[in-house]
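The next block holds one structure in the form of C-alpha coordinates; read it before the comments.
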Amino acid sequence: MAILEVKNLKKSFDDTEVIRDISFTMDEGETLTIIGSSGSGKTTLLRCLNFLERPDSGVIRVKDEVLFDSDITGTVSEKDIRNRRLHFGLVFQSFNLFPQYTALENVTLAPLLLAKENTGIDLPAIEENARGLLDDMGLSDRMGNYPHELSGGQQQRVAIARALALHPDILCFDEPTSALDPELTGEVLRVIKDLAGHNMTMIIVTHEMSFAHDVSDKILFMDKGVIAEEGTPEEVIDNPQNDRTIQFLANYKNGM
Amino acid sequence: MALTVTLTLLEGFLQTIRLFILTLLFALPLGLVISFGSMAKAQAVRVPIRFMIWVIRGTPLMLQLLVIYYGPGIIMKSNVWGSGDTGRFIAALVAFVINYSCYFSEIYRGGIQSIPVGQYEAGQVLGMTKHQIFFKVVLLQVIKRIVPPISNEIITLVKDTSLARVIAVYEIIWKGQSFIKSAGIIWPLFYTGVFYLLFSGLLTLLFGFVEKKLSYFR
Ligand SMILES: Nc1ncnc2c1ncn2[C@@H]1O[C@H](COP(=O)(O)OP(=O)(O)O)[C@@H](O)[C@H]1O
Ligand SMILES: [Mg+2]
(Lines give C-alpha, C1' and ligand atoms only; values in the text may rest on other atoms or scores of the structure.)
(Ligands and ions follow the chains in the order given, each with its own letter.)
Protein backbone atom coordinates (compact mmCIF):
# COMPACT_ATOMS: atom_id res chain seq x y z
CA MET A 1 0.00 0.00 0.00
CA ALA A 2 1.16 3.50 -0.74
CA ILE A 3 2.66 5.38 2.18
CA LEU A 4 1.83 8.71 0.56
CA GLU A 5 -0.97 9.65 -1.74
CA VAL A 6 -1.32 13.14 -3.16
CA LYS A 7 -4.48 13.75 -5.16
CA ASN A 8 -5.45 16.73 -7.30
CA LEU A 9 -3.36 19.16 -5.32
CA LYS A 10 -3.73 22.80 -6.30
CA LYS A 11 -2.18 25.96 -4.97
CA SER A 12 -2.30 29.55 -6.21
CA PHE A 13 -0.64 32.71 -4.99
CA ASP A 14 -2.89 35.63 -5.81
CA ASP A 15 -3.69 35.00 -9.46
CA THR A 16 -0.90 32.64 -10.40
CA GLU A 17 -1.51 28.92 -10.22
CA VAL A 18 1.73 27.47 -8.94
CA ILE A 19 0.59 23.89 -8.37
CA ARG A 20 -1.94 22.84 -10.99
CA ASP A 21 -3.56 19.54 -10.22
CA ILE A 22 -0.76 17.30 -9.03
CA SER A 23 -1.33 13.65 -8.15
CA PHE A 24 1.19 10.97 -7.29
CA THR A 25 1.78 8.14 -4.87
CA MET A 26 4.84 6.62 -3.35
CA ASP A 27 5.59 3.44 -1.45
CA GLU A 28 7.35 2.99 1.84
CA GLY A 29 11.11 2.96 1.51
CA GLU A 30 11.06 4.63 -1.89
CA THR A 31 13.19 7.55 -2.95
CA LEU A 32 11.27 9.95 -5.15
CA THR A 33 13.15 12.74 -6.87
CA ILE A 34 11.54 15.85 -8.27
CA ILE A 35 13.34 17.71 -11.03
CA GLY A 36 12.26 20.70 -13.06
CA SER A 37 13.29 24.22 -13.90
CA SER A 38 13.22 27.02 -11.39
CA GLY A 39 9.73 28.35 -10.74
CA SER A 40 7.98 25.12 -11.70
CA GLY A 41 6.50 24.74 -8.20
CA LYS A 42 8.79 22.15 -6.61
CA THR A 43 9.37 24.09 -3.39
CA THR A 44 5.69 24.96 -3.12
CA LEU A 45 4.79 21.28 -3.41
CA LEU A 46 7.14 20.34 -0.55
CA ARG A 47 5.86 23.25 1.51
CA CYS A 48 2.28 22.04 1.04
CA LEU A 49 3.24 18.58 2.25
CA ASN A 50 4.89 20.12 5.32
CA PHE A 51 1.95 22.44 6.06
CA LEU A 52 3.99 25.57 5.48
CA GLU A 53 1.48 26.42 2.76
CA ARG A 54 -2.16 25.49 2.74
CA PRO A 55 -3.23 23.92 -0.56
CA ASP A 56 -6.33 25.40 -2.21
CA SER A 57 -7.69 21.97 -2.97
CA GLY A 58 -6.78 18.32 -3.07
CA VAL A 59 -6.05 15.47 -0.71
CA ILE A 60 -2.90 14.42 1.12
CA ARG A 61 -2.95 11.00 2.71
CA VAL A 62 -0.17 9.31 4.66
CA LYS A 63 -0.67 5.62 5.35
CA ASP A 64 -4.35 5.48 6.27
CA GLU A 65 -4.59 8.95 7.66
CA VAL A 66 -6.01 11.84 5.67
CA LEU A 67 -3.78 14.77 6.58
CA PHE A 68 -5.43 17.27 4.31
CA ASP A 69 -8.66 17.21 2.39
CA SER A 70 -10.07 20.43 1.01
CA ASP A 71 -13.55 18.88 0.90
CA ILE A 72 -13.65 18.46 4.64
CA THR A 73 -14.47 21.83 6.09
CA GLY A 74 -14.00 22.99 9.64
CA THR A 75 -10.93 24.24 11.36
CA VAL A 76 -8.07 22.12 12.53
CA SER A 77 -6.47 22.88 15.86
CA GLU A 78 -2.84 23.95 16.02
CA LYS A 79 -2.05 20.77 17.90
CA ASP A 80 -3.57 18.63 15.16
CA ILE A 81 -1.60 20.46 12.49
CA ARG A 82 1.56 19.91 14.50
CA ASN A 83 0.85 16.20 14.83
CA ARG A 84 0.09 15.88 11.14
CA ARG A 85 3.17 17.68 9.99
CA LEU A 86 5.32 15.32 12.07
CA HIS A 87 4.64 12.66 9.43
CA PHE A 88 6.99 14.72 7.30
CA GLY A 89 10.43 16.15 7.80
CA LEU A 90 11.91 18.95 5.72
CA VAL A 91 15.52 19.78 5.05
CA PHE A 92 15.89 23.29 3.71
CA GLN A 93 18.20 24.60 1.06
CA SER A 94 19.57 27.13 3.55
CA PHE A 95 19.87 24.66 6.50
CA ASN A 96 18.10 26.98 8.96
CA LEU A 97 19.94 25.64 11.97
CA PHE A 98 19.32 27.46 15.23
CA PRO A 99 22.50 29.53 15.71
CA GLN A 100 22.42 29.68 19.51
CA TYR A 101 22.43 25.91 19.93
CA THR A 102 25.22 23.41 19.41
CA ALA A 103 24.90 20.73 16.77
CA LEU A 104 23.71 18.30 19.41
CA GLU A 105 21.24 20.77 20.91
CA ASN A 106 19.85 21.52 17.45
CA VAL A 107 19.03 17.84 17.12
CA THR A 108 17.60 17.35 20.62
CA LEU A 109 15.62 20.59 20.98
CA ALA A 110 12.39 19.58 19.26
CA PRO A 111 12.28 16.00 20.62
CA LEU A 112 12.84 17.31 24.15
CA LEU A 113 10.05 19.87 23.80
CA LEU A 114 7.77 17.20 22.44
CA ALA A 115 8.68 14.86 25.28
CA LYS A 116 7.58 17.50 27.77
CA GLU A 117 4.07 17.29 26.36
CA ASN A 118 3.90 13.51 26.28
CA THR A 119 4.89 11.78 29.46
CA GLY A 120 6.62 8.46 29.39
CA ILE A 121 9.36 9.45 26.98
CA ASP A 122 12.84 8.63 28.12
CA LEU A 123 14.90 11.84 28.12
CA PRO A 124 18.37 10.25 28.12
CA ALA A 125 17.24 8.17 25.15
CA ILE A 126 16.63 11.37 23.17
CA GLU A 127 20.21 12.49 23.60
CA GLU A 128 21.47 8.99 22.91
CA ASN A 129 19.48 8.90 19.69
CA ALA A 130 20.73 12.36 18.67
CA ARG A 131 24.35 11.35 19.23
CA GLY A 132 23.77 8.24 17.17
CA LEU A 133 22.31 10.27 14.31
CA LEU A 134 25.14 12.78 14.31
CA ASP A 135 27.54 9.88 14.39
CA ASP A 136 25.84 8.42 11.31
CA MET A 137 26.27 11.80 9.65
CA GLY A 138 30.01 11.64 10.32
CA LEU A 139 29.84 14.43 12.88
CA SER A 140 30.86 12.67 16.09
CA ASP A 141 33.60 15.24 16.69
CA ARG A 142 31.38 18.24 15.96
CA MET A 143 28.49 17.71 18.39
CA GLY A 144 29.51 20.57 20.67
CA ASN A 145 30.11 23.08 17.90
CA TYR A 146 27.82 25.97 17.08
CA PRO A 147 26.51 26.27 13.52
CA HIS A 148 28.82 29.18 12.63
CA GLU A 149 31.77 26.96 13.48
CA LEU A 150 30.69 24.37 10.91
CA SER A 151 31.09 24.24 7.15
CA GLY A 152 27.98 24.37 4.98
CA GLY A 153 28.19 20.65 4.35
CA GLN A 154 28.45 19.95 8.07
CA GLN A 155 25.55 22.29 8.81
CA GLN A 156 23.36 20.54 6.28
CA ARG A 157 24.23 17.17 7.80
CA VAL A 158 23.24 18.48 11.23
CA ALA A 159 19.97 19.65 9.69
CA ILE A 160 19.38 16.16 8.30
CA ALA A 161 20.04 14.63 11.72
CA ARG A 162 17.69 17.18 13.26
CA ALA A 163 14.90 16.18 10.88
CA LEU A 164 15.53 12.46 11.41
CA ALA A 165 15.40 12.82 15.20
CA LEU A 166 11.62 13.16 15.01
CA HIS A 167 11.29 9.90 13.05
CA PRO A 168 9.30 11.29 10.12
CA ASP A 169 7.57 8.82 7.83
CA ILE A 170 8.72 10.81 4.83
CA LEU A 171 11.75 13.09 4.73
CA CYS A 172 11.70 15.90 2.17
CA PHE A 173 14.77 17.70 0.85
CA ASP A 174 14.51 21.01 -0.98
CA GLU A 175 17.68 21.39 -3.04
CA PRO A 176 19.82 20.30 -0.11
CA THR A 177 23.11 21.06 -1.87
CA SER A 178 22.25 24.20 -3.81
CA ALA A 179 23.66 26.54 -1.17
CA LEU A 180 26.91 24.59 -0.89
CA ASP A 181 30.27 25.08 -2.52
CA PRO A 182 30.72 22.38 -5.16
CA GLU A 183 33.38 20.57 -3.15
CA LEU A 184 30.96 20.13 -0.24
CA THR A 185 27.98 18.70 -2.13
CA GLY A 186 29.48 15.22 -2.19
CA GLU A 187 29.43 14.70 1.57
CA VAL A 188 25.76 15.66 1.79
CA LEU A 189 24.70 13.58 -1.21
CA ARG A 190 26.57 10.62 0.25
CA VAL A 191 24.61 10.89 3.47
CA ILE A 192 21.32 11.02 1.59
CA LYS A 193 22.34 8.03 -0.49
CA ASP A 194 23.10 6.20 2.72
CA LEU A 195 19.59 6.92 3.97
CA ALA A 196 18.16 5.61 0.73
CA GLY A 197 20.20 2.46 1.29
CA HIS A 198 18.53 2.14 4.68
CA ASN A 199 15.09 2.44 3.08
CA MET A 200 14.23 5.86 4.41
CA THR A 201 11.24 7.16 2.49
CA MET A 202 12.36 10.38 0.84
CA ILE A 203 11.24 13.08 -1.57
CA ILE A 204 14.20 14.98 -2.95
CA VAL A 205 14.12 18.13 -5.03
CA THR A 206 17.50 18.44 -6.69
CA HIS A 207 19.40 19.66 -9.72
CA GLU A 208 22.09 17.01 -9.31
CA MET A 209 21.11 14.79 -12.24
CA SER A 210 23.63 12.02 -11.83
CA PHE A 211 22.80 11.80 -8.14
CA ALA A 212 19.09 11.67 -9.00
CA HIS A 213 19.77 8.95 -11.51
CA ASP A 214 21.73 6.97 -8.94
CA VAL A 215 19.50 7.23 -5.93
CA SER A 216 15.91 7.44 -7.17
CA ASP A 217 13.32 4.74 -7.47
CA LYS A 218 11.10 7.21 -9.27
CA ILE A 219 11.56 10.64 -10.82
CA LEU A 220 8.95 13.32 -11.37
CA PHE A 221 9.65 16.05 -13.87
CA MET A 222 7.66 19.14 -12.99
CA ASP A 223 6.88 21.88 -15.43
CA LYS A 224 4.72 24.94 -14.76
CA GLY A 225 2.92 23.36 -11.83
CA VAL A 226 2.16 19.98 -13.35
CA ILE A 227 3.95 16.64 -13.51
CA ALA A 228 4.98 16.54 -17.15
CA GLU A 229 6.68 13.19 -16.98
CA GLU A 230 7.28 10.49 -14.40
CA GLY A 231 9.03 7.15 -14.31
CA THR A 232 12.21 5.38 -13.37
CA PRO A 233 15.52 7.24 -13.75
CA GLU A 234 16.17 5.20 -16.88
CA GLU A 235 12.88 6.33 -18.36
CA VAL A 236 12.92 10.00 -17.40
CA ILE A 237 16.61 10.85 -17.56
CA ASP A 238 17.91 8.41 -20.15
CA ASN A 239 14.87 8.21 -22.42
CA PRO A 240 12.68 11.24 -21.86
CA GLN A 241 9.53 11.28 -23.95
CA ASN A 242 8.12 14.71 -23.17
CA ASP A 243 9.49 17.63 -25.20
CA ARG A 244 9.83 19.76 -22.10
CA THR A 245 11.81 17.09 -20.30
CA ILE A 246 14.09 16.68 -23.29
CA GLN A 247 14.66 20.42 -23.44
CA PHE A 248 15.25 20.70 -19.69
CA LEU A 249 17.80 17.89 -19.68
CA ALA A 250 19.52 19.28 -22.77
CA ASN A 251 19.92 22.69 -21.10
CA TYR A 252 21.30 20.83 -18.20
CA LYS A 253 23.98 19.01 -20.09
CA ASN A 254 25.06 22.27 -21.70
CA GLY A 255 25.87 23.46 -18.21
CA MET A 256 23.04 25.91 -17.64
CA MET B 1 32.60 73.56 50.59
CA ALA B 2 33.65 70.55 48.54
CA LEU B 3 31.77 68.30 50.91
CA THR B 4 28.61 70.39 50.77
CA VAL B 5 28.72 70.41 47.01
CA THR B 6 29.31 66.66 46.85
CA LEU B 7 26.42 65.93 49.18
CA THR B 8 24.08 68.27 47.32
CA LEU B 9 25.01 66.80 43.98
CA LEU B 10 24.60 63.27 45.33
CA GLU B 11 21.10 64.20 46.37
CA GLY B 12 20.37 65.40 42.84
CA PHE B 13 22.05 62.36 41.36
CA LEU B 14 19.81 60.13 43.43
CA GLN B 15 16.83 61.78 41.77
CA THR B 16 18.47 61.31 38.36
CA ILE B 17 19.09 57.61 39.04
CA ARG B 18 15.59 57.13 40.34
CA LEU B 19 14.13 58.59 37.17
CA PHE B 20 16.53 56.52 35.09
CA ILE B 21 15.76 53.20 36.75
CA LEU B 22 12.01 53.65 36.95
CA THR B 23 11.89 54.71 33.30
CA LEU B 24 13.71 51.54 32.26
CA LEU B 25 11.60 49.39 34.53
CA PHE B 26 8.41 50.49 32.81
CA ALA B 27 9.60 51.39 29.31
CA LEU B 28 11.50 48.18 28.50
CA PRO B 29 8.43 45.90 28.85
CA LEU B 30 5.95 48.49 27.60
CA GLY B 31 8.09 48.90 24.50
CA LEU B 32 7.64 45.20 23.76
CA VAL B 33 3.86 45.53 24.00
CA ILE B 34 3.95 48.56 21.68
CA SER B 35 6.21 46.75 19.21
CA PHE B 36 3.72 43.87 19.00
CA GLY B 37 1.00 46.46 18.41
CA SER B 38 3.05 48.10 15.67
CA MET B 39 3.38 44.69 13.95
CA ALA B 40 -0.26 43.66 14.46
CA LYS B 41 -2.11 42.27 11.46
CA ALA B 42 -5.20 44.31 12.36
CA GLN B 43 -4.96 47.78 10.87
CA ALA B 44 -7.14 49.17 13.63
CA VAL B 45 -4.34 48.38 16.06
CA ARG B 46 -1.29 48.87 13.89
CA VAL B 47 -2.13 52.24 12.37
CA PRO B 48 -2.87 54.21 15.56
CA ILE B 49 0.17 52.70 17.27
CA ARG B 50 2.46 53.58 14.38
CA PHE B 51 0.97 57.07 14.43
CA MET B 52 1.67 57.44 18.13
CA ILE B 53 5.26 56.24 17.64
CA TRP B 54 5.69 58.74 14.83
CA VAL B 55 4.42 61.61 16.98
CA ILE B 56 6.52 60.68 20.01
CA ARG B 57 9.70 60.13 18.05
CA GLY B 58 9.11 63.16 15.89
CA THR B 59 8.75 65.73 18.67
CA PRO B 60 11.20 66.79 21.39
CA LEU B 61 11.07 65.07 24.74
CA MET B 62 11.22 68.56 26.25
CA LEU B 63 7.91 69.44 24.60
CA GLN B 64 6.36 66.14 25.73
CA LEU B 65 7.41 66.84 29.32
CA LEU B 66 5.73 70.23 29.27
CA VAL B 67 2.55 68.97 27.60
CA ILE B 68 2.22 66.04 29.96
CA TYR B 69 2.82 68.14 33.05
CA TYR B 70 0.73 71.18 32.19
CA GLY B 71 -1.75 69.64 29.71
CA PRO B 72 -4.11 67.83 32.07
CA GLY B 73 -4.40 70.79 34.40
CA ILE B 74 -5.30 73.17 31.61
CA ILE B 75 -7.63 70.82 29.73
CA MET B 76 -9.38 69.21 32.68
CA LYS B 77 -8.99 72.03 35.14
CA SER B 78 -7.60 69.67 37.70
CA ASN B 79 -4.07 68.80 38.63
CA VAL B 80 -3.88 65.04 38.04
CA TRP B 81 -0.24 64.94 39.06
CA GLY B 82 -0.83 66.06 42.61
CA SER B 83 1.11 68.90 44.10
CA GLY B 84 4.70 69.22 45.10
CA ASP B 85 7.89 67.38 44.19
CA THR B 86 6.28 63.96 43.96
CA GLY B 87 3.65 65.14 41.48
CA ARG B 88 6.25 66.69 39.22
CA PHE B 89 8.43 63.60 39.45
CA ILE B 90 5.53 61.35 38.44
CA ALA B 91 4.67 63.60 35.51
CA ALA B 92 8.29 63.47 34.38
CA LEU B 93 8.38 59.70 34.77
CA VAL B 94 5.22 59.29 32.67
CA ALA B 95 6.70 61.44 29.91
CA PHE B 96 9.96 59.52 29.94
CA VAL B 97 8.22 56.14 29.93
CA ILE B 98 6.04 57.07 26.96
CA ASN B 99 8.96 58.52 25.06
CA TYR B 100 11.39 55.71 25.72
CA SER B 101 8.93 52.86 25.23
CA CYS B 102 8.30 54.19 21.72
CA TYR B 103 12.01 54.24 20.95
CA PHE B 104 12.48 50.78 22.46
CA SER B 105 9.49 49.44 20.51
CA GLU B 106 11.12 50.40 17.23
CA ILE B 107 14.33 48.67 18.27
CA TYR B 108 12.40 45.53 19.25
CA ARG B 109 10.49 45.61 15.99
CA GLY B 110 13.69 45.90 13.99
CA GLY B 111 15.18 43.02 15.97
CA ILE B 112 12.18 40.76 15.60
CA GLN B 113 11.77 41.49 11.90
CA SER B 114 15.44 40.84 11.23
CA ILE B 115 15.10 37.17 12.18
CA PRO B 116 14.95 35.16 8.95
CA VAL B 117 11.61 33.50 8.27
CA GLY B 118 13.52 30.22 7.89
CA GLN B 119 14.04 30.14 11.66
CA TYR B 120 10.28 30.13 12.23
CA GLU B 121 9.71 27.59 9.48
CA ALA B 122 12.41 25.27 10.80
CA GLY B 123 10.68 25.37 14.17
CA GLN B 124 7.30 24.74 12.58
CA VAL B 125 8.36 21.68 10.61
CA LEU B 126 9.92 20.32 13.81
CA GLY B 127 6.48 20.42 15.39
CA MET B 128 7.13 23.33 17.75
CA THR B 129 4.33 25.59 18.92
CA LYS B 130 4.36 29.32 18.15
CA HIS B 131 5.14 29.91 21.78
CA GLN B 132 8.09 27.51 21.76
CA ILE B 133 9.42 29.01 18.55
CA PHE B 134 9.35 32.50 20.03
CA PHE B 135 10.89 31.64 23.37
CA LYS B 136 13.27 28.80 22.43
CA VAL B 137 14.39 29.88 18.98
CA VAL B 138 13.76 33.54 18.22
CA LEU B 139 14.05 35.43 21.49
CA LEU B 140 17.74 35.02 22.23
CA GLN B 141 18.61 35.90 18.63
CA VAL B 142 16.51 39.05 18.96
CA ILE B 143 18.19 39.96 22.24
CA LYS B 144 21.61 39.54 20.69
CA ARG B 145 20.68 41.88 17.87
CA ILE B 146 19.08 44.56 20.02
CA VAL B 147 21.68 44.82 22.76
CA PRO B 148 23.85 47.35 20.88
CA PRO B 149 21.02 49.75 19.89
CA ILE B 150 19.31 49.38 23.28
CA SER B 151 22.56 50.21 25.08
CA ASN B 152 22.90 53.35 23.00
CA GLU B 153 19.39 54.35 23.90
CA ILE B 154 19.93 53.63 27.58
CA ILE B 155 23.09 55.73 27.69
CA THR B 156 21.17 58.54 26.02
CA LEU B 157 18.54 58.18 28.73
CA VAL B 158 21.15 58.82 31.43
CA LYS B 159 21.77 62.22 29.92
CA ASP B 160 18.16 62.90 28.92
CA THR B 161 17.03 62.72 32.54
CA SER B 162 18.42 66.25 32.94
CA LEU B 163 15.52 67.50 30.81
CA ALA B 164 13.18 66.83 33.73
CA ARG B 165 14.35 70.13 35.21
CA VAL B 166 11.97 71.99 32.88
CA ILE B 167 9.17 70.93 35.17
CA ALA B 168 11.33 71.52 38.25
CA VAL B 169 12.41 68.03 39.05
CA TYR B 170 15.55 68.69 41.04
CA GLU B 171 17.98 66.42 39.28
CA ILE B 172 21.73 66.77 39.48
CA ILE B 173 22.29 69.62 37.01
CA TRP B 174 19.65 71.74 38.71
CA LYS B 175 21.49 71.20 41.96
CA GLY B 176 24.86 72.02 40.40
CA GLN B 177 23.53 75.17 38.80
CA SER B 178 22.10 76.36 42.10
CA PHE B 179 25.64 77.04 43.34
CA ILE B 180 26.12 79.69 40.65
CA LYS B 181 23.49 81.83 42.33
CA SER B 182 24.07 80.88 45.94
CA ALA B 183 27.87 80.79 46.03
CA GLY B 184 29.01 82.31 42.77
CA ILE B 185 30.96 79.22 41.76
CA ILE B 186 30.73 77.29 38.51
CA TRP B 187 32.89 74.24 39.22
CA PRO B 188 30.01 72.21 40.72
CA LEU B 189 28.52 72.25 37.24
CA PHE B 190 31.63 70.58 35.85
CA TYR B 191 31.50 68.23 38.78
CA THR B 192 28.05 67.00 37.65
CA GLY B 193 29.70 66.00 34.37
CA VAL B 194 31.95 63.65 36.32
CA PHE B 195 28.89 61.86 37.72
CA TYR B 196 27.49 61.39 34.22
CA LEU B 197 30.81 60.19 32.85
CA LEU B 198 31.31 57.66 35.61
CA PHE B 199 27.79 56.35 35.33
CA SER B 200 27.70 56.03 31.56
CA GLY B 201 31.18 54.51 31.69
CA LEU B 202 29.86 51.89 34.06
CA LEU B 203 26.94 51.15 31.75
CA THR B 204 29.25 50.90 28.74
CA LEU B 205 31.27 48.27 30.58
CA LEU B 206 28.14 46.39 31.54
CA PHE B 207 26.75 46.31 28.00
CA GLY B 208 30.14 45.35 26.64
CA PHE B 209 30.06 42.41 29.00
CA VAL B 210 26.57 41.38 27.87
CA GLU B 211 27.57 41.63 24.22
CA LYS B 212 30.56 39.47 24.90
CA LYS B 213 28.41 36.91 26.71
CA LEU B 214 26.22 36.65 23.63
CA SER B 215 29.08 36.43 21.17
CA TYR B 216 29.26 32.64 21.35
CA PHE B 217 26.84 32.41 18.43
CA ARG B 218 26.15 34.34 15.28
N1 LIG C 1 4.67 33.02 -1.08
C2 LIG C 1 4.57 33.23 -2.41
N3 LIG C 1 3.85 34.27 -2.87
C4 LIG C 1 3.73 34.49 -4.20
N5 LIG C 1 4.30 33.73 -5.15
C6 LIG C 1 5.04 32.68 -4.75
C7 LIG C 1 5.21 32.37 -3.35
N8 LIG C 1 5.99 31.27 -3.26
C9 LIG C 1 6.29 30.91 -4.53
N10 LIG C 1 5.71 31.75 -5.43
C11 LIG C 1 5.80 31.64 -6.89
O12 LIG C 1 5.45 30.34 -7.25
C13 LIG C 1 6.23 29.88 -8.34
C14 LIG C 1 6.85 28.55 -8.00
O15 LIG C 1 7.79 28.73 -6.99
P16 LIG C 1 8.57 27.54 -6.31
O17 LIG C 1 7.60 26.57 -5.76
O18 LIG C 1 9.54 28.15 -5.37
O19 LIG C 1 9.32 26.90 -7.56
P20 LIG C 1 10.64 26.04 -7.60
O21 LIG C 1 10.95 25.56 -6.23
O22 LIG C 1 10.33 24.94 -8.55
O23 LIG C 1 11.70 26.93 -8.16
C24 LIG C 1 7.24 30.96 -8.63
O25 LIG C 1 6.81 31.69 -9.75
C26 LIG C 1 7.21 31.82 -7.40
O27 LIG C 1 7.48 33.15 -7.71
MG1 LIG D 1 12.68 25.85 -5.08
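Just so we're on the same page: letters track the sequence lines, and every chain starts at 1.
Proximity to chain A (any heavy atom under 4.5 Å) is restricted, for Gln132(B), to the side chain, taken from C-beta onward. Only the backbone of Leu97(A) comes within less than 4.5 Å of a heavy atom in chain B; its side chain stays farther off. Contacts between Arg47(A) and chain B at a heavy-atom distance below 4.5 Å involve the side chain alone, from C-beta outward. In this structure, the portion of Glu78(A) lying under 4.5 Å from any heavy atom of chain B is its side chain and not its backbone. Looking at Leu113(A), the atoms closer than 4.5 Å to chain B (heavy atoms on both sides) sit in the backbone and in the side chain alike. Neither the backbone nor the side chain of Lys144(B) comes within less than 4.5 Å of any heavy atom of chain A. Proximity to chain B is limited to the side chain of Tyr101(A), based on heavy atoms less than 4.5 angstrom apart.
Between Leu86(A) and Val125(B), the closest heavy-atom pair is CD2-O, 4.4 Å. Closest of all the heavy-atom pairs between Met128(B) and Phe98(A) is CE-CE1, 3.8 Å. Scanning all heavy atoms of the two residues, the minimum distance from Ala122(B) to Asn96(A) falls at CB-O, 3.6 Å. Smallest separation of non-hydrogen atoms from Ala163(A) and Leu126(B): CA-CD2, 4.5 Å.
Ranked by non-hydrogen atom pairs under 4.5 Å with chain A, the options Leu214(B), Leu140(B), Thr129(B) are led by Thr129(B). For chain B, the option among Pro111(A), Pro99(A), Gly89(A), Ala110(A) with the highest count of heavy-atom pairs below 4.5 Å is Pro99(A).
Atom CZ of Phe199(B) is surrounded by more than 12 heavy atoms from other residues, nucleotides or ligands within 6.0 Å. More than 12 non-hydrogen atoms from other residues, nucleotides or ligands lie less than 6.0 angstrom from CH2 of Trp187(B). Around atom CZ of Phe13(A), more than 12 heavy atoms belonging to other residues, nucleotides or ligands sit under 6.0 Å away. Taking a 6.0 Å sphere around NZ of Lys11(A), one finds it holds more than 12 heavy atoms contributed by other residues, nucleotides or ligands.
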message: Applying side-chain contact (heavy atoms from CB on, under 4.5 Å) to Tyr216(B) and Gln100(A), what does each step give before you reach the verdict?
response: CA-CA 8 Å; Tyr216(B) 71 90; Gln100(A) 73 269 44; 4.0 Å; yes
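Screening residues 55-70 of chain A for side chain to side chain donor-acceptor pair (under 3.5 Å), with sequence neighbours left out, gives Glu5(A)-Arg61(A), Lys63(A)-Asp169(A), Glu65(A)-His87(A).
Between the side chain of Arg82(A) and the main chain of Gly127(B), a donor-acceptor pair closer than 3.5 Å is present.
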